Every structure is written in structure tokens, then in C-alpha cells.
Amino acid sequence: MTLKGKTAIITGSNSGIGLGIARELAKAGADVVLNSFTDRPEDHQLAADLGAEFGVSARYIKADMSKGDECRALVEQAGKCDILVNNAGIQHVEPIDTFPPATWDRIIAINLSSAFHTTAAALPMMRKAGWGRVINIASAHGLTASPFKSAYVAAKHGVVGLTKVTALETAEEPITCNAICPGYVLTPLVEAQIPDQMKTHNMGRDEVIKKVMLERQPSREFATTEQMGGTAVFLCSDYAAQITGTTISVDGGWTAL
Ligand code: NAD
């Protein structure tokens, strides 16, 4: 399977799942556009290294996904968008009655509204090219809920809804739109929480991972960023041309419970 000649924009991709997806798409031959809200030399270096490793064109474009005009500008600046991966996301954990309203607005903006804006800007380019893939990174929390994550769960359910609408509006065209719903994925952010959890629960690394962190993930294994990337590559393949408007859970059985 080759994605040679395709350009992929991955939002929020200077770390974690976004970077993992960018790596697998580049490995499959796609030119990639990395993004986050920072504009540090290391962001641009990351893109340069990725391009060199896989022999593709790789650029880093700064854009703040909390701002609609910057979401649209990211796509315009990229100039071409065959594959759009809406991945940027943040989290805040607090009960509804004390949840800060500004944090609610920010999570909805970054985790949900950004996907509306980038999709609106990318669809005309996909139509012009006669091919397109929109891949929204939702979550097991796009299909189920947990307490204290009101904005995140609402935004991720919204992403699943937006996925269905995008699929229906493009159903008669060679464009698909699907959501990947990860369970707990071992990203640097999650890795950094392990020592604290070990201390809090007075447990060893393996025990705290299996009994505390992966309590809701029946496999008791983290999913990996490579698996998210591989799922994205599959959704870009011809095998997936009739898969549209749906969710693919990569969650070790979380949503089967
Ligand atoms: P992460 O913090 O490593 O990555 C988030 C990315 O989004 C980073 O590159 C960050 O720079 C970027 N970002 C944050 N705010 C931004 C903004 N305003 N503008 C542009 N970019 C911004 O976290 P991750 O775990 O890799 O999460 C990536 C996506 O996967 C998120 O949408 C998250 O909700 C989803 N997800 C993660 C898990 C998990 O267990 N890690 C599980 C389910 C879903």
C-alpha cells in the first residue's frame, strides 16, 4: 500500500498519537504536515527528521486549533490536503458544578470545533483532487462516559456526530470520513503519570498499570501510537473505500464491557 503523492495534515502532531499517525502515514509514503500551537526550532526539526527518515516531504505549520481562523489557515497554508487527521486535543478533569466555563469553551474549541473548521477548508481540496480521507481521533469517551470529564466526553461524542454528517455529505464522492476511538494509549503524557500513580497507590509499575490505569481496558494493555497510525493507514487504503461514517475502536475491549 502506498500513499505516495498524497498530502496528509495531522493536527496536534508534535507528540503522542498525532506524531505516531504522522510517522505511519509517512512510512506509507505520504507527504506530511505536522502541526501544533508552538513555533519552536524543535517543532520544525521534528518534521525535517521525519521527512529524512522516510524520504517524503514533511513540514511543520504552527496554528492554534482553539481558533477557527487558524484551523482554516493551516489547511490553506498546506495548499493541498488529501488526508486530514483531526487529532489535537486536551483534557480537564473536574466535577460539572466547579468545572471552569472558560476550560469548557477551550476543550470544545480544540477537541470539536477545530475539526469542523479544518474539514470545511479541506473538503474543497479533496473534491478538486477527486479523493479524500477525513480521520477524526475521537476516543472511547466518544462512545461511553466517565464522571468529571464533561467537556471532553461531550466534545468526543460531538466528534462522532460530525464524523457521520461529513460521511453523509460526501457519500457519493470518493471521500470517506471515519473516527478512530482509542482506549488508553501509552503516550509521553500517560508515561509521565506512571511514577505518581505508583507512589499514590504504593504499587510497582506493572501492578499500577494493570490494576489502576487500565482498570477499564479489559486487555490490560495500553494501545500504542503505532497501532493508531496503522489504523489510519488502513482507513486510507482501497480496502477501506466503503467504510465511512463509522467508528473504529482501538481500545482493548473497553467499549465491549
Ligand atoms: P498529547 O498531549 O501527546 O497530544 C496532543 C497534541 O495536541 C499535542 O501535539 C499538542 O501540542 C496538540 N495541541 C494541544 N492544544 C493545541 C492547540 N490549541 N492547537 C494545536 N495543537 C494543540 O496527547 P495524545 O494522547 O497524543 O492525544 C491526541 C488525541 O488523542 C487527542 O484528541 C486525545 O483526546 C485523543 N485520545 C488520547 C488517548 C490517550 O490515552 N492518550 C485516548 C483516547 C483519545
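In listed order, ligands and their atoms are each counted from 1. The structure displayed is predicted, hence computed values, not measured ones. FYI, side chains are in, hydrogens and waters are out, and symmetry mates aren't considered; it's all heavy atoms of this structure.
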What pairs of residues pass the side-chain hydrogen bond (donor to acceptor under 3.5 Å, both in side chains) test when at least one of them lies in residues 203-213, not counting sequence neighbours?
Glu191-Arg205, Glu207-Lys211

What I want to know is whether Ile110 and ligand 1 share at least one N or O pair that is separated by under 3.5 angstrom.
no

If you measure every N or O of Tyr184 against every N or O of ligand 1, does any of those distances drop under 3.5 Å?
no

Taking N or O atoms only and a 3.5 Å limit, does Gly18 qualify as a polar contact for ligand 1?
no

List in chain and number order the residues that pass side chain to side chain contact (heavy atoms under 4.5 Å, CB included) with Arg72, two or more places apart in sequence or in another chain; answer none if no residue qualifies.
Phe116, His117, Ala120, Ala121

Sub-4.0 Å heavy-atom approach of Ala138 to ligand 1:
yes

Identify, by atom number and element, the atoms of ligand 1 in contact range of Gly16, meaning under 4.0 Å from any of its heavy atoms.
3 (O), 26 (O)

At the 4.0 Å heavy-atom cut-off, does Gly183 count as touching ligand 1?
yes

If you measure from each heavy atom of Lys156 to ligand 1, is any distance below 4.0 Å?
yes

Would you check whether Ala63 reaches within less than 4.0 Å of ligand 1, judged by its heavy atoms?
yes

Please state whether Asp64 comes within less than 4.0 angstrom of ligand 1, counting heavy atoms only.
yes

Which heavy atom of Ser13 sits nearest a heavy atom of Leu34, and at what distance?
OG-CA, 3.2 Å

What is the nearest protein non-hydrogen atom to atom 2 (O) of ligand 1, stated with its residue, atom name and distance?
Leu189 CD2, 3.9 Å

Nearest heavy-atom pair of Ala138 and Val159: which atoms, and what distance?
CB-CG1, 4.0 Å

